[in-house]
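Note that the coordinates shown come from a computational prediction; the quantities given were computed from them, not determined experimentally. Note on naming: letters A, B, ... go to the chains in the order of the sequence lines (proteins, then strands), and numbering restarts at 1 for each one.
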Amino acid sequence: MPTVTLSRPARLKERLIRLEHDRYREHRHLDVLAAGADPAEPVVVRKARALALVLREMPVHIQDDELIVGGRTLYGGRDALRFVSHQQMFTASSRWAASYYPHYLTDQELGALNASAPNSRPGAGVRPAAATGHAAVGYQRILSLGFGGLRTLAKQSAARLRAENPPDLARRLAFLEAADIALAGATGLVRRYEQLARTLAATSDDPARRAELSRIAGICEQVAEHPPRDFHEALQLFFFARVISMVESYICMPLGRFDQYLYPYLAQDLAAGRLTRADALELLECLFVKLNEEVDVSTTDDCLRIMVSGQDAEGHDVTNELSYLCLEAAVDLHLASPKVGVRLHRGTPREFLMRCVEVARLGIGGLPEIYNDEGIISTLVDAGMPLEHARDYAHDGCSEITLPGRSDFYPIWTKLRFLQCLESFLAEGAEYGTFGDLLAAYKARATREMQEAAALGNERDRILGEFSPAPFISATFEGCLERGLDKTWGGTIYNETGMLGMELPNTANALAAVKKLVYEERRLSLAELRAALASDFADAERLRLMLVNRAPKYGNDDDYVDAIAEDLASHYIRTVRGFSNPRGGRFRAGFYDFSNFIIGAKEIGATPDGRKAGGYISGNLSAMPGTDRNGPTALVRSACKVMRLHPELGAMLDIRLHPSAVRGANGLEQLAALVGGYMDLGGLALQFNVVDGATLRAAQREPEKYRDLLVRVWGFSAYFVQLSPDFQEHIIARTEHGL
Amino acid sequence: MVHGLWLRRRPSQKPETPNTGPTGLVFDVQRYSVHDGPGIRTTVFLKGCPLRCLWCHNPESQLRDAEVWLDASRCINCGDCVPVCPVGAHTLRDGVHQLDRSRCRYCGRCVDVCDAGALENVGRPLSVGAAVAAVEQDRPFYARSGGGVTLSGGEPLLQPAFAAAFLAACRRRGLHTALETCGQSTWRVLERVAREADLVLYDVKHTDAKRHRALTGAPNERILSNLRQLLAAGAKVIVRVPVVPGCNDGDEHFRALAAFLRSCSPLPAAVELLPYHGWGEAKYRRLDRPYSLAECRTPDRERCAAIRDLVAESRVPVRLPDS
């Protein structure tokens with residue numbers, strides 16, 4: 001133990017970093033059918049029984065110092081883990097924590113699932129217990145009703161539906177039964193923690209700890225069924241709900257508008273003198289550390305995001321003390337998760353804005369992510385959502401826009417990879433008389449790819465509803481319990497499919513090079529270009545440099561190339577909006593690349609922007625590394641041209657700044673103004689990466705000294721030293737604005 | 001002395017319209033300038049300077065003609081520049097590219113064929129209309145930050161027609177205008193241009209005439225008298241003072257500066273100390289010019305603080321760069 005006395009959260013963090021929570025991970029093999037479930041029961045009921053089985057069997061642990069308790073402790077075994085790419089990406093950390101889920105499908109059902117169309121395509125399969133993730137759980141509802149209240153709602157709904165007797169009554173009742181089983185399982189887990197806390201309290205030698213454990217037992221007793229009465233209880237229930245939703249759907253689960261859900265409890269406690277601000281911060285930090293247990297810290301990004309500040313349904317600012325505390329806790333703890341996002345708007349208090357840019361300047365893994373209310377709300381309204389719903393937006397576990405507890409979408413299912421599409425388009429070898437003809441033909445091909453992606457996504461959507469519903473999470477979503485429909489059956493209000501637009505900046509650069517050098521200046525023919533691309537610029541370095549240096553590049557506020565990006569983006573958004581899914585919802589468009597800019601990039605051959613085969617591509621709407629030479633305002637203007645087209649899932653811009661550009665009071669003011677200008681120009685999401693290249697090089701040489709160096713890469717946050725060399729180089733190669 | 005971010009940006013490739021007003025020889029239009037006047041600014045750098053400060057970190061700004069950069073690290077020795085050069089300045093010796101700058105007439109033909117991007121023009125003609133269009137781009141950021149436009153150089157007063165017309169045009173559009181000058185011109189020219197600026201950033205390199213001549217190649221009498229007159233005329237002025245170890249960092253100079261400023265009426269709005277940095281060195285290499293201050297180091301914080309106290313005797317607020 002260190003000689004200095006650490007605060008409780010610091011001690012918890014120490015233990016977390018040393019991965020002590022590993023020791024209570026267990027591996028089991030559970031099977032609901034073997035445990036006595038009736039194979040004739042509907043799948044949704046068996047899936048709920050599987051969840052309840054986990055919650056009953058999962059070992060419970062309370063560690064020293066903990067004030068917030070719980071956690072997933074059953075791991076591995078599930079073959080439905082589809083995020084293999086994460087493992088490939090983070091070479092230093094192959095321990096992505098697969099949540100265990102019992103078998104609940106019959107052999108016959110498994111056969112049908114495996115024979116389904118998507119499963120015949122590699123990488124497109126849907127497995128048992130497949131998770132959609134990205135669902136901003138209705139925490140508000142859980143906190144106001146409690147698990148017991150939700151069960152009551154399910155029962156009332158069942159009674160009402162029986163009276164109404166709709167044609168699919170049996171299916172609806174099955175869902176409500178499943179929800180009841182899942183919620184009862186949740187209560188059961190909390191009671192097990194209550195028991196454990198009481199046992200530990202009885203055996204603890206330390207009177208102070210004994211009192212804490214008794215308090216924990218009392219909290220669990222309350223929130224096992226009932227709504228919380230104070231801040232501590234609310235945090236604990238929030239965390240249990242989080243753990244259980246992660247068991248049910250382990251991928252990329254966001255936390256929604258955290259400060260809005262929890263502040264009423266804090267305000268009450270502060271006013272009554274039950275809690276000081278310091279107490280509140282300690283509790284909050286205990287929760288934040290807990291959230292990091294959900295995955296190994298070494299896996300760096302578990303898509304765990306909270307949103308703070310913003311507006312209420314009437315458009316009033318809702319920044320509160322908890323908004324500030326969340327930023328404070330994140331800075332204090334310096335952990336990879338949770339990532340705090342802030343919603344800013346014209347009515348944001350200046351103090352909060354300045355606090356946000358102060359934190360941004362610290363360069364802690366791109367904290368905070370900044371979301372522009374005006375841009376995003378108008379985008380959602382443009383997409384047909386009522387204003388009061390739009391004003392309640394948050395982000396999903398990545399950075400897409402969603403409505404917590406109201407909107408469910410599956411973003412990872414469908415995408416358009418602009419650059420890959422261009423590669424295969426050019427490889428077809430057709431000749432075009434004008435650039436306009438070429439562009440039109442490319443867009444037609446992109447349309448076809450989007451149609452195919454949507455069709456495949458819809459097929460998966462249908463299978464998911466049939467074989468892997470999510471009754472616990474569904475029960476928290478507005479509409480599901482009321483209508484008796486799982487979210488995978490279209491039960492909530494907005495049942496959407498996200499189609500991600502990827503690789504746009506490189507594609508705009510590539511087409512700009514073709515337009516300028518092939519069609520306008522006629523410095524090479526399309527055939528010569530094709531030959532050079534096919535050979536990966538072997539013996540054509542001159543030509544490659546011409547493509548790099550003689551054609552405009554996105555990110556410089558140059559309309560020549562930005563207009564191409566706009567044209568492609570607009571075509572994509574319009575096309576995507578035309579698709580609908582089997583849940584009665586629509587497709588929505590957004591610009592996110594996730595890991596694609598490294599992983600997917602390796603699959604793409606040489607491209608006309610002068611990029612060699614397998615080379616990096618830009619992430620999100622950021623410029624291709626090294627090509628944005630006109631500073632951050634120019635980059636912002638380029639990105640906002642695309643963002644103003646209103647992609648409903650949103651879009652992220654990353655700006656890397658060297659510390660010298662943000663130094664001092666003056667630097668802080670300019671950073672705030674840069675954010676303000678971005679908002680005025682209709683930007684959507686934004687994050688800064690304030691770090692210098694020398695620091696990163698030093699971290700490469702001496703990783704031990706830089707273990708806590710967080711780096712933010714386009715919607716992905718990571719400990720720098722644990723990234724693969726590819727990632728590290730990519731980060732270093734990015735243009736350092738401002739030096 | 002030009003205090004700006006030094007990284008060279010490629011000139012925009014878009015056609016520069018509208019093509020109106022006098023034309024200036026511009027070597028850079030730098031957006032997100034945060035060190036040359038208040039707020040977020042766009043700085044237009046004009047080419048040509050009457051001084052030759054030893055520490056100049058924008059050596060490409062000095063000559064009044066267009067020049068050619070050579071970034072040898074990007075050269076692929078393709079030899080394409082050799083046949084297009086009318087004066088034989090480019091050669092390939094044993095397959096390695098050489099540039100004889102004594103022959104170069106800066107016609108720019110080599111730049112046009114250099115696909116590797118090793119050769120670049122420094123300096124391009126820009127009309128007032130085109131320059132205004134360029135600075136208009138970042139208007140939302142000026143509005144948010146209280147920023148605007150800075151005209152710098154080189155020395156803007158060497159191109160008075162363009163400078164005055166450009167600043168006046170920006171002002172008519174409601175943009176905040178700043179002029180950065182070394183003051184080495186006739187009063188008539190300074191007055192004509194400074195009149196169009198909301199703020200003048202006025203450089204004082206040395207208070208001692210002989211030292212000034214040794215360090216910058218020019219005397220300082222007119223610079224100091226122009227400053228006095230500019231203040232008397234009511235201009236808002238920030239005096240900028242480079243602090244270059246071994247050149248102009250002695251106590252005496254700063255005492256004299258304080259005394260001089262104190263004798264001005266009204267006083268300038270502020271004095272900004274600009275500690276030397278060596279970032280410009282690489283640029284000398286790209287211009288094949290020697291850099292005499294290669295050994296010079298940035299003054300430390302304690303020294304800067306001591307200098308600040310000396311200058312503060314003038315009763316003018318003294319600012320050090322943010323740290």
Within residues 636-645 of chain A, contacts to chain B at heavy-atom distances under 4.5 Å involve A:Val636, A:Arg637

Would you call B:Lys47 and B:Asp28 a salt bridge, using N to O less than 4.0 angstrom? no

State whether A:Lys553 and A:Asp558 are salt-bridged, where the test is any N-O pair (Lys NZ or Arg NE/NH1/NH2 against Asp/Glu carboxylate O) under 4.0 Å. no

The interface call for A:Glu669 against chain B, heavy-atom contacts under 4.5 Å, is neither

### Task
Would you check if there is a donor-acceptor pair between the side chains of A:Ser309 and A:Thr319 at a distance under 3.5 Å?
yes

Greatest number of non-hydrogen atom pairs under 4.5 angstrom with chain B, of A:Val548, A:Leu674, A:Val675, falls to A:Leu674

When the 4.5 angstrom heavy-atom criterion is applied to B:Ile76 and chain A, the contacting part is side chain

If you draw the axis of the six-membered ring of A:Phe435, does the NZ or CZ of A:Lys516 fall within 45° of it and under 6.0 Å from the ring centre? no

Checked B:Ser145, B:Ala116, B:Gly147 vs chain A; the most non-hydrogen pairs under 4.5 Å come from B:Ala116

A:Arg343 vs A:Asp373, test: salt bridge (Lys or Arg N to Asp or Glu O under 4.0 Å). Steps then yes/no.
CA-CA 6 Å; A:Arg343 282 181 42 177; A:Asp373 270 11; 2.8 Å; yes

Under 4.5 Å to a heavy atom of chain B? For A:Arg544 that would be neither

Of all heavy-atom pairs linking A:Leu653 and A:Tyr678, the shortest is CD2-CE1, 3.9 Å

Salt bridge B:Asp115-A:Arg523, side-chain N to carboxylate O under 4.0 Å = yes

> Between B:Thr42 and B:Arg31, do the side chains contain an N or O donor and an N or O acceptor separated by less than 3.5 Å?
Replying inline: no

